[in-house]
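Notes to accompany the following structure.
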Amino acid sequence: MKKKCAIGIFGGTFNPIHNVHLEMAKLAKKKLDLKKVIFVPAARPPHKKIEEKVTPEERYRMTCLAVIPWAGFCVSDEELKQPGKSYSVKTVESFKGKFGPGAEIFFIIGSDSLTELFTWRKIDRLLRLCKFIVFRRPNFPIKSPMKHLKDKLEIIPMLPQKISSTEIRKMIKNGRSISRFVPATVERFIQKRKLYRAS
């Protein structure tokens, strides 16, 4: 029997994208033998408010710069083109249509997002369309009610990471270097556009 083409979708605000995001994508690609990982920056995420004066297009461009060196990584403006809120079910439906029934779709999330999974729009349909690659983040264990989803979840342990987009934004506002935490191309873009600086 011919193996299905496996595609990973990595949605997020990527505000900004950083090295942990890239490490997650690399681990997912290797573990699930994904043909490609598609990063999908959210334009208007329903569960998160984007307060900084950074446009969706700027977050998209930073994500494009970050993935350039990595084979099998690409970025989609799928959610930037959608009107209204950026709902994952619409995104997965779109990719399912593009890749056809022969493709197996995996949606990459952290275990912190798993706790609110059943608040997502049309979650029953989303679970029929794709499986989830869940990175077990420190302080966000996989709780027992999720056991009935075990055939829909691929759990990948993740080493403790002491960086997040929130922390990176704080570092920039405080004038600290972020060179250890983001690709050099992303750091240069942030500096050139003067993003995340204290007003």
Side-chain angles (χ1 to χ4, degrees), residues 6-32 34-82 85-88 90-92 94-95 98-99 105-110 112-113 133 135 137 156 158-159 161-199:
I7 304 294
I9 297 175
F10 196 169
T13 54
F14 302 120
N15 191 29
I17 189 168
H18 52 71
N19 294 338
V20 176
H21 291 134
L22 296 168
E23 188 61 32
M24 289 168 69
K26 285 188 282 183
L27 286 171
K29 188 173 185 295
K30 182 178 180 180
K31 183 173 176 62
L32 278 302
L34 303 176
K35 182 179 181 181
K36 63 173 63 179
V37 175
I38 305 170
F39 290 74
V40 186
R44 292 162 292 277
H47 292 93
K48 187 178 289 186
K49 184 178 179 182
I50 300 176
E51 298 177 351
E52 284 73 17
K53 295 177 181 177
V54 177
T55 67
E57 289 74 20
E58 285 172 325
R59 293 186 286 106
Y60 171 80
R61 288 190 62 187
M62 285 190 282
T63 309
C64 290
L65 290 169
V67 307
I68 287 171
W70 304 106
F73 288 6
C74 60
V75 186
S76 170
D77 63 354
E78 180 69 34
E79 293 190 359
L80 275 65
K81 295 184 295 186
Q82 293 177 6
K85 295 289 186 181
S86 302
Y87 291 112
S88 298
K90 289 167 63 178
T91 302
V92 173
S94 178
F95 282 115
K98 289 175 183 176
F99 289 106
I105 305 293
F106 291 89
F107 201 96
I108 300 170
I109 61 173
D112 53 332
S113 296
I133 297 174
F135 282 87
R137 293 185 59 186
I156 301 180
M158 192 172 177
L159 292 173
Q161 304 288 350
K162 295 184 179 179
I163 197 61
S164 66
S165 295
T166 302
E167 288 300 317
I168 289 170
R169 295 195 300 269
K170 287 180 183 176
M171 291 170 71
I172 295 168
K173 286 176 182 174
N174 293 328
R176 294 169 58 195
S177 171
I178 61 169
S179 59
R180 291 170 50 212
F181 306 113
V182 301
T185 50
V186 173
E187 183 182 22
R188 287 195 294 270
F189 184 89
I190 290 170
Q191 290 172 343
K192 184 177 180 180
R193 294 293 184 101
K194 299 180 180 180
L195 304 180
Y196 308 115
R197 294 188 182 181
S199 45

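It should be emphasised that the depicted structure is a prediction, and the values quoted were computed from it without experimental measurement.
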Steps toward side-chain contact (heavy atoms from CB on, under 4.5 Å) verdict (Asn15, Val54): CA-CA 8 Å; Asn15 191 29; Val54 177; 4.0 Å; yes
Assess whether side-chain contact (heavy atoms from CB on, under 4.5 Å) is satisfied between Ser165 and His21, documenting all intermediate values. CA-CA 10 Å; Ser165 295; His21 291 134; 3.7 Å; yes
Determine, step by step, whether Trp70 and Val37 satisfy the side-chain contact (heavy atoms from CB on, under 4.5 Å) criterion, reporting the C-alpha distance in whole Å, the side-chain angles of both residues, the deciding distance to 0.1 Å, and the verdict. CA-CA 10 Å; Trp70 304 106; Val37 175; over 6 Å; no
Please test Tyr196 against Lys170 for side-chain contact (heavy atoms from CB on, under 4.5 Å), starting from the C-alpha separation and ending with a verdict. CA-CA 8 Å; Tyr196 308 115; Lys170 287 180 183 176; over 6 Å; no
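Listed here is the closest heavy atom pair of Leu80 and Ala43: CA-CB, 3.9 Å. What you find for Phe107 and Ser88 is that their closest heavy atoms are CZ-OG, 3.4 Å. Scanning both residues, Ala66 and Val186, for their nearest heavy atoms gives CB-CG2, 3.9 Å. Here the closest heavy-atom approach between residue Thr63 and residue Pro41 is recorded as OG1-CG, 3.9 Å. Contact between Leu22 and Pro183 at its shortest, heavy atoms only, is CD1-CG, 3.7 Å. Nearest heavy atom pair, residue Gly12 against residue Arg59, reads O-NH1, 4.5 Å.
Within the model, atoms CZ of Arg44 and OH of Tyr87 stand 11.0 Å from one another, a figure rounded to the nearest 0.5 Å. Here Ile178 contributes atom CD1 and Asn19 contributes atom CG; the two are 9.5 Å apart, rounded to the nearest 0.5 Å. Distance check, rounded to the nearest 0.5 Å: NZ of Lys85 to NZ of Lys90 gives 11.5 Å. Expressed to the nearest 0.5 Å, how far OG of Ser76 lies from CD1 of Ile38 amounts to 6.5 Å. The distance from atom CZ of Arg193 to atom CD of Glu58, rounded to the nearest 0.5 Å, is 5.0 Å. Distance CD1/Ile133 to CG/Leu32: 4.0 Å, rounded to 0.5 Å.
The shortest side-chain heavy-atom distance between Val40 and Phe95 falls under the 4.5 Å cut-off. Two residues are said to be in side-chain contact when any heavy atoms from C-beta on lie closer than 4.5 Å; Glu187 and Lys192 fail this criterion. In this structure, the side chains of Pro16 and Ile168 come closer than 4.5 Å at one or more pairs of heavy atoms. Taking the side chain as every heavy atom from C-beta outward, Phe14 and Met62 never approach each other to under 4.5 Å. No side-chain heavy atom of Lys30 sits less than 4.5 Å from a side-chain heavy atom of Leu27. Two residues are said to be in side-chain contact when any heavy atoms from C-beta on lie closer than 4.5 Å; Lys26 and Phe73 meet this criterion. Annotation: side chain of Ile17 is in contact with side chain of Phe39 (closest heavy-atom distance under 4.5 Å). Contact check for Ile109 versus Phe10: no side-chain heavy atoms found under the 4.5 Å cut-off.
For Lys81, the NZ atom counts as densely surrounded, since its 6.0 Å shell holds more than 12 non-hydrogen atoms of other residues, nucleotides or ligands.
Of the N and O atoms on the side chains of Glu79 and Thr91, at least one donor lies less than 3.5 Å from an acceptor on the other residue.
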